[in-house]
Amino acid sequence: MRRFACSICASVGLVVFGACSSTGPVPAMAQVHFVLDAPLCSSTIPVAFLIDGVVVGNDTFRVHLTPSHTESQAFSVPAGNHVLGARTVGAFSHVWRDTVVTSTSGAIAVDSLPLYCS
């Protein structure tokens with residue numbers, strides 16, 4: 001009986017340690033933020049954010065309104081080259097020019113989105 005119990009403990013130990021083993025290195029990550037630069041605007045502006053051609057999020061910026069909100073949340077990306085883009089959503093149509101960034105592990109890339117409001 002004692003030998004059987006030791007075999008079970010040894011088997012459980014192998015399963016536990018096996019479940020914790022890594023299948024490979026964890027990819028190095030960086031962050032991307034989008035910041036609206038619209039000094040002459042006073043409005044709400046809904047924007048879709050793209051990384052490598054894929055929409056990763058939406059937000060509604062509030063420019064010169066209370067509360068003001070002109071910076072997106074952080075988006076995590078693997079370190080390397082990425083194409084950042086943004087476009088307005090809704091009736092007002094504007095597409096910002098794509099920006100190519102090269103990020104390193106732990107880096108923060110900021111894509112400035114200039115907009116002129118008349």
Side-chain angles (χ1 to χ4, degrees):
M1 177 74 174
R2 186 171 197 194
R3 179 179 234 181
F4 178 73
C6 289
S7 296
I8 290 174
C9 289
S11 297
V12 169
L14 288 174
V15 170
V16 169
F17 287 119
C20 295
S21 67
S22 175
T23 58
V26 175
M29 300 299 283
Q31 291 187 345
V32 172
H33 294 260
F34 295 86
V35 178
L36 185 66
D37 178 19
L40 302 177
C41 295
S42 179
S43 60
T44 58
I45 303 169
V47 178
F49 311 112
L50 295 88
I51 299 177
D52 298 328
V54 176
V55 174
V56 294
N58 293 291
D59 202 349
T60 300
F61 289 132
R62 295 176 51 85
V63 183
H64 297 292
L65 299 172
T66 303
S68 182
H69 175 66
T70 58
E71 184 173 343
S72 74
Q73 70 180 43
F75 297 97
S76 293
V77 295
N81 295 329
H82 297 284
V83 178
L84 309 180
R87 63 178 180 244
T88 58
V89 178
F92 174 70
S93 178
H94 184 78
V95 177
W96 282 274
R97 182 177 296 181
D98 287 345
T99 301
V100 177
V101 297
T102 301
S103 59
T104 57
S105 178
I108 297 174
V110 176
D111 190 7
S112 179
L113 306 174
L115 183 65
Y116 175 78
C117 296
S118 55

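Heavy atoms only: backbone and side chains are in, while hydrogens, waters and symmetry mates are out.
Between the side chain of Ser105 and the backbone N or O of Ala28 there is no donor-acceptor pair closer than 3.5 Å. His64 places no side-chain N or O within 3.5 Å of a backbone atom of Leu40 that could act as its donor or acceptor partner. Judged by distance alone, the side chain of Thr60 and the main-chain N or O of Ile45 form no donor-acceptor pair under 3.5 Å.
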Problem set entry | Test side chain to side chain contact (heavy atoms under 4.5 Å, CB included) applied to Val47 and Phe34, step by step | CA-CA 10 Å; Val47 178; Phe34 295 86; over 6 Å; no
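Applying the ring-ring contact (aromatic ring centres under 6.0 Å, His included) rule to pairs touching residues 97-118 yields nothing, sequence neighbours excluded. Residue pairs meeting the side-chain hydrogen bond (donor to acceptor under 3.5 Å, both in side chains) criterion with at least one member in residues 76-86, sequence neighbours excluded, are Asp52-His82, Asn81-Thr102. Applying the side-chain hydrogen bond (donor to acceptor under 3.5 Å, both in side chains) test to residues at least two apart or on different chains, the pairs with a partner in residues 32-48 are His33-Glu71.
Other residues sharing a hydrophobic cluster with Val100 under the 4.5 Å side-chain heavy-atom criterion for ILVMFWY residues are Val83. Hydrophobic cluster membership of Val55, counting Ile, Leu, Val, Met, Phe, Trp and Tyr whose side-chain heavy atoms lie under 4.5 Å apart directly or via other members: Leu50.
By the side-chain contact (heavy atoms from CB on, under 4.5 Å) test, Ala38 is found to be paired with Leu36, Cys41, Val63, Leu115, residues two or more places apart in sequence or in another chain being considered. Looking at residues two or more places apart in sequence or on another chain, you find a side-chain hydrogen bond (donor to acceptor under 3.5 Å, both in side chains) between His69 and Asp59.
Nearest heavy atoms, Phe61 versus Leu113: CE1-CD1, 4.4 Å. Contact record, Phe75 with Ile51: CB-CD1, 3.8 Å, taken as the closest heavy-atom pair.
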Would you give me the side-chain donor-acceptor pairs under 3.5 Å for residues 85-94, sequence neighbours excluded?
from  : atom 1 : to    : atom 2 : distance (Å)
Thr88 : OG1    : Phe92 : O      : 2.6
Thr88 : OG1    : His94 : N      : 2.7
Thr88 : OG1    : His94 : O      : 3.4

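Follow the hydrophobic side-chain contacts under 4.5 Å out from Val101 and you reach Val77 in the same cluster.
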